[in-house]
Trainee: 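Mind having a look at this structure? Questions to follow.
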Amino acid sequence: MKTLEQIRKEIEIPLMLIKGVTGLGIVSNDQGEIYLEIAVENAEADDAVWKYLDEGEFSTRKLRVVHRPKNKLH
Amino acid sequence: MMNSLYKAKHFLEEAMLGGASMNRAQSFVNESLQKAFSINGFSGNSYYATDDAIIGVGLVGNGQLEIAFDGESRLFGNICECFRNDLCRKSGLRDHQVLTSIRNRAFPFWSIKAGAPIGHRSLASRGEYGTLGCFLFDRDVANRNFIISNNHVLANSNQGNIGDDLYLVQNERPWIGQLEDFVPINPNGSNRLDLAIGTFEGNIEGKYRAIRGVRNAKLGEIVTKVGATTGMTVGRVRSLNYTIKVDFGTQVVFQDQLQIISSNGASFSQPGDSGSGIYANSDGSFVGLLFAGNGTETNANRGPTVAAQLKEWGYGVR
């Protein structure tokens with residue numbers, strides 16, 4: 001069983017090469033849940049991410065794909 | 001009623017004058033302002049002096065008492081209102097008899113504090129700005145000071161040259177120093193820092209001065225920053241190792257970044273806050289350097305990575 005950190009390291013570069021993927025990382029939400037989040041800009045990127053995850057058997061309940069706007073310089 | 005105005009004026013003057021030990025007026029001002037900070041979501045704040053927040057008091061107009069505060073207008077708007085209510089309750093004055101104003105005394109004397117709007121000459125000429133994160137002091141040369149912010153603020157995203165002029169971005173746009181060094185942004189590879197430093201000539205104000213203590217942030221911990229656009233905001237660290245693409249004209253990848261989310265629903269940062277130092281509420285340690293965001297989450301370089309680069313440049317931080 002791979003840890004979230006192992007999965008993160010394994011998928012980081014391939015996913016960041018997908019157009020529309022804006023980020024990924026292990027996050028903690030307000031309730032203290034810890035999961036691996038992948039941020040995408042649009043539905044096309046969402047589909048491409050899930051295709052990659054399914055093919056690589058990376059799917060886990062602790063992995064979420066969320067839609068976020070582009071990161072801009074502040 | 002005029003007597004009450006004079007009494008209130010003398011009371012606040014007593015707070016301003018202070019003394020060897022805290023007087024009754026100082027205690028009132030401190031308690032009232034701390035309560036106002038807390039009501040406005042800045043609980044646990046220890047970075048702003050309170051008893052020296054009032055920089056002027058006088059009778060003006062048609063029997064009104066004016067109190068001038070030194071502070072960021074975005075932050076102090078609500079703070080002033082809370083303080084005025086307390087003062088009216090205490091002194092028996094009515095709301096319309098007490099005026100408050102915010103006068104950042106730093107600007108007329110080219111003095112600045114961390115959180116000020118600054119930028120490379122190209123940004124300043126367009127009225128754009130980032131934030132002065134904090135100061136560095138040269139241990140060997142007296143009065144040789146530096147400021148820390150982002151590459152994209154002080155070096156115009158790799159376009160600037162060492163020695164380029166830096167400005168405080170406000171109406172008169174005074175010159176404050178020169179670009180000293182920066183970490184180039186690599187558009188085709190991975191980055192960990194959006195960092196630059198500049199020389200600084202002028203007076204320094206405020207309590208957020210130099211970095212005192214650097215450490216890694218902890219997942220879920222509460223942090224604070226003071227930015228030029230949104231002032232002081234409080235957030236929660238939601239990730240310690242986020243990888244992001246950031247729009248520098250082209251999409252640039254940053255690895256091992258902190259990600260922070262506001263703890264009260266409002267945005268932790270907005271454009272113009274880049275360069276802000278991010279500090280742990282628990283102990284005041286420097287944990288990050290703000291540089292990007294998406295409207296919901298804010299991204300920051302990790303504090304120890306920033307400190308390591310400063311050390312490599314020859315500037316030690318404690």
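Chain letters run A, B, ... following the sequence lines, proteins first, then strands; residues in each count from 1. Bear in mind that the values here come from a model prediction, so they are computed numbers and not experimental data.
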Trainee: Under a 4.5 Å cutoff for heavy-atom pairs, which residue among B:Asp247, B:Ile244, B:Thr243, B:Thr298 has the most contacts with chain A?
Mentor: B:Thr243
Trainee: I need the residue from A:Thr22, A:Val27, A:Val21, A:Leu24 with the largest number of non-hydrogen atom pairs under 4.5 Å to chain B.
Mentor: A:Leu24
Trainee: Flag yes if more than 12 heavy atoms outside A:Gln6 fall under 6.0 Å of its CD atom; otherwise flag no.
Mentor: yes
Trainee: Heavy-atom distance under 4.5 Å to chain A: side chain of B:Ile261, backbone, both or neither?
Mentor: neither
Trainee: Less than 4.5 Å to any heavy atom of chain A: does that hold for the side chain of B:Asn241, its backbone, both, or neither?
Mentor: both
Trainee: Which pair of heavy atoms, one from B:Tyr242 and one from A:Ala39, lies closest together, and at what distance?
Mentor: OH-CB, 3.8 Å
Trainee: Looking only at heavy atoms, which two atoms of B:Ser157 and A:Leu73 are closest? And how far apart?
Mentor: OG-CD1, 4.3 Å
Trainee: Using a strict 4.0 Å threshold on nitrogen-to-oxygen distance, state whether B:Arg236 and A:Asp30 make a salt bridge.
Mentor: yes
Trainee: Given a strict heavy-atom distance threshold of 4.5 Å, which part of A:Glu5 is in contact with chain B: side chain, backbone, both, or neither?
Mentor: side chain
Trainee: Examine whether an atom of B:Asn150 lies under 4.5 Å from a heavy atom of chain A, and if so say whether it belongs to the side chain, the backbone or both; otherwise answer neither.
Mentor: neither
Trainee: For A:Ile18 and B:Lys245, work out which heavy atoms get closest and say how close.
Mentor: O-NZ, 3.0 Å
Trainee: Looking at CG of A:Asn71 and CZ of B:Phe291, how far apart are the two atoms once the value is rounded to the nearest 0.5 Å?
Mentor: 7.5 Å
Trainee: Mind listing the closest non-hydrogen atom pair of A:His74 and B:Gly293 along with its distance?
Mentor: CE1-CA, 3.6 Å
Trainee: Do any N or O atoms from the side chain of A:Lys72 and from the backbone of B:Ala292 form a donor-acceptor pair under 3.5 angstrom?
Mentor: no
Trainee: Please name the pair of heavy atoms, one in B:Arg238 and one in A:Arg68, separated by the smallest distance, quoted to 0.1 Å.
Mentor: NH2-NH2, 4.5 Å
Trainee: Looking at B:Gln255, B:Gln251, B:Gln257, which has the largest count of heavy-atom pairs under 4.5 Å with chain A?
Mentor: B:Gln255
